[in-house]
Amino acid sequence: MKQLVVLSGKGGTGKTSLSAALANLAAKELNLVLVDADADAANLALLLDAPKGEHHDFIGGKIAVIDPLVCKGCGQCIEVCRFDALEPGVPTKVNRIACEGCGSCSAICPIDAISMELTVSGHWIVSPCSVGNLFHARLYAGMENTGKFVSELRRQARQHAQD
C-alpha cells in the first residue's frame, strides 16, 4: 500500500487544496482512502463534497468526576490542581474544559469522592465521496491527545484500505 502525505507546520499553505487536486487526479486510476488528519479544522470534506458519513467516538482521556453525595468541600483537591479546574463549594465542581485528567485531585481526596472517568474527546468520521472514502475527525474544544487521535484515525483508514 502506497501512502502520500501532504504536510506543513503552518496553516494556510494550501495543503487541503493540493490534497483535493491530487485526489481527483489519482482517483481516475486508483482506489483511494483519504485521511484529513487536521483534528482541529478538517476541511477536505468540504472540497470533495463528501456527505456526512459514519461517526465514531474517540475516547481520548479521563476527566475528574466528583460524587456530590460524598464530597465535603475540604478543598485539598483545589490545592493540588495545577490547571485551576476545580471550583470551591460543597460539593466542589469540575470545570470540564480546564480539567486535563492528570488525576492529582483523585489521588489526594481523603474520602474518595473523586473518580477519573473516560471521556469522549472527539469523533472520527468515514465519508464516502467521489474519489474514495475520506477519514476525517473533529477534536472537541479544550480536549487533548491530538497525537493519539490522529494515530487512531490513520490506523482506522489503513485497516479500511487493507480490507
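Keep in mind that the numbers below use all heavy atoms, side chains included, and drop hydrogens, waters and symmetry copies. Computed from a prediction, not measured in an experiment: that's the story for all the values here. We're numbering straight along the sequence, starting at 1.
Residues Val90 and Cys71 come closest through the heavy atom pair CG1-O, 4.0 Å. Nearest heavy atom pair, residue Cys77 against residue Thr92, reads SG-CG2, 4.0 Å. For the pair Pro91 and Pro68, the tightest heavy-atom approach, listed with the atom from each and the gap, is CG-CB, 3.6 Å. Residues Cys102 and Phe83 share a closest heavy-atom pair of SG-CE1, 4.1 Å. Across Met116 and Cys105, no two heavy atoms sit closer than the pair SD-SG, 4.5 Å. Closest of all the heavy-atom pairs between Lys72 and Ile111 is CG-CD1, 3.6 Å.
Using modelled atom types, no side-chain atom of Thr119 and backbone atom of Gly61 make a donor-acceptor pair closer than 3.5 Å. Side-chain atoms of Asp38 come within 3.5 Å of backbone atoms of Ala41 as a donor-acceptor pair (strictly under, hydrogens ignored). One N or O on the side chain of Asp36 and one on the backbone of Asn43 form a donor-acceptor pair closer than 3.5 Å.
Under the 4.5 Å side-chain criterion, counting only non-hydrogen atoms from C-beta, Leu34 is in contact with Leu48. Considering only heavy atoms from C-beta on, Ser121 stays 4.5 Å or farther from Phe149 through its side chain.
Atom NZ in Lys93 sits 12.0 Å away from atom CG in Leu86 (nearest 0.5 Å). Rounding to the nearest 0.5 Å gives a distance of 10.0 Å between CG of Asp84 and CD1 of Ile78. Considering CG of Leu139 and CG of Leu153, their distance stands at 11.5 Å, rounded to 0.5 Å.
Under a hydrophobic clustering in which Ile, Leu, Val, Met, Phe, Trp and Tyr are joined whenever their side-chain heavy atoms come within less than 4.5 Å, directly or via other members, Phe135 and Val120 fall into the same cluster. Under the 4.5 Å side-chain heavy-atom criterion for Ile, Leu, Val, Met, Phe, Trp and Tyr, Phe58 and Leu118 are members of the same hydrophobic cluster.
Residues passing the salt bridge (Lys or Arg N to Asp or Glu O under 4.0 Å) test with Arg158: none are found, sequence neighbours excluded. Remark: Gln76 pairs with Cys74, Ile108, Pro110 by the side-chain contact (heavy atoms from CB on, under 4.5 Å) rule, at least two apart or across chains. Shown here are the side-chain contact (heavy atoms from CB on, under 4.5 Å) partners of Ser115, two or more places apart in sequence or in another chain: Val65, Glu117.
Among Arg155, Arg154, Lys148, the one residue that satisfies the salt bridge (charged side-chain N to carboxylate O under 4.0 Å, His left out) test with Glu152 is Arg155.
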Sequence neighbours excluded and cut-off under 3.5 Å, please list the side-chain donor-acceptor pairs for residues 3-18, or say none.
unit_1: Ser8; atom_1: OG; unit_2: Lys10; atom_2: N; d: 3.2
unit_1: Lys15; atom_1: NZ; unit_2: Lys10; atom_2: O; d: 2.9

Donor-acceptor pairs under 3.5 Å, side chain of residues 123-134 to any protein atom, not counting sequence neighbours: which ones?
unit_1: His123; atom_1: ND1; unit_2: Tyr140; atom_2: OH; d: 3.3
unit_1: Ser127; atom_1: OG; unit_2: Pro51; atom_2: O; d: 3.0
unit_1: Ser127; atom_1: OG; unit_2: Gly53; atom_2: N; d: 3.3
unit_1: Ser127; atom_1: OG; unit_2: His136; atom_2: NE2; d: 2.9
unit_1: Asn133; atom_1: ND2; unit_2: His160; atom_2: NE2; d: 2.8

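Applying the side chain to side chain donor-acceptor pair (under 3.5 Å) rule to pairs touching residues 50-59 yields Glu54-His56, sequence neighbours excluded.
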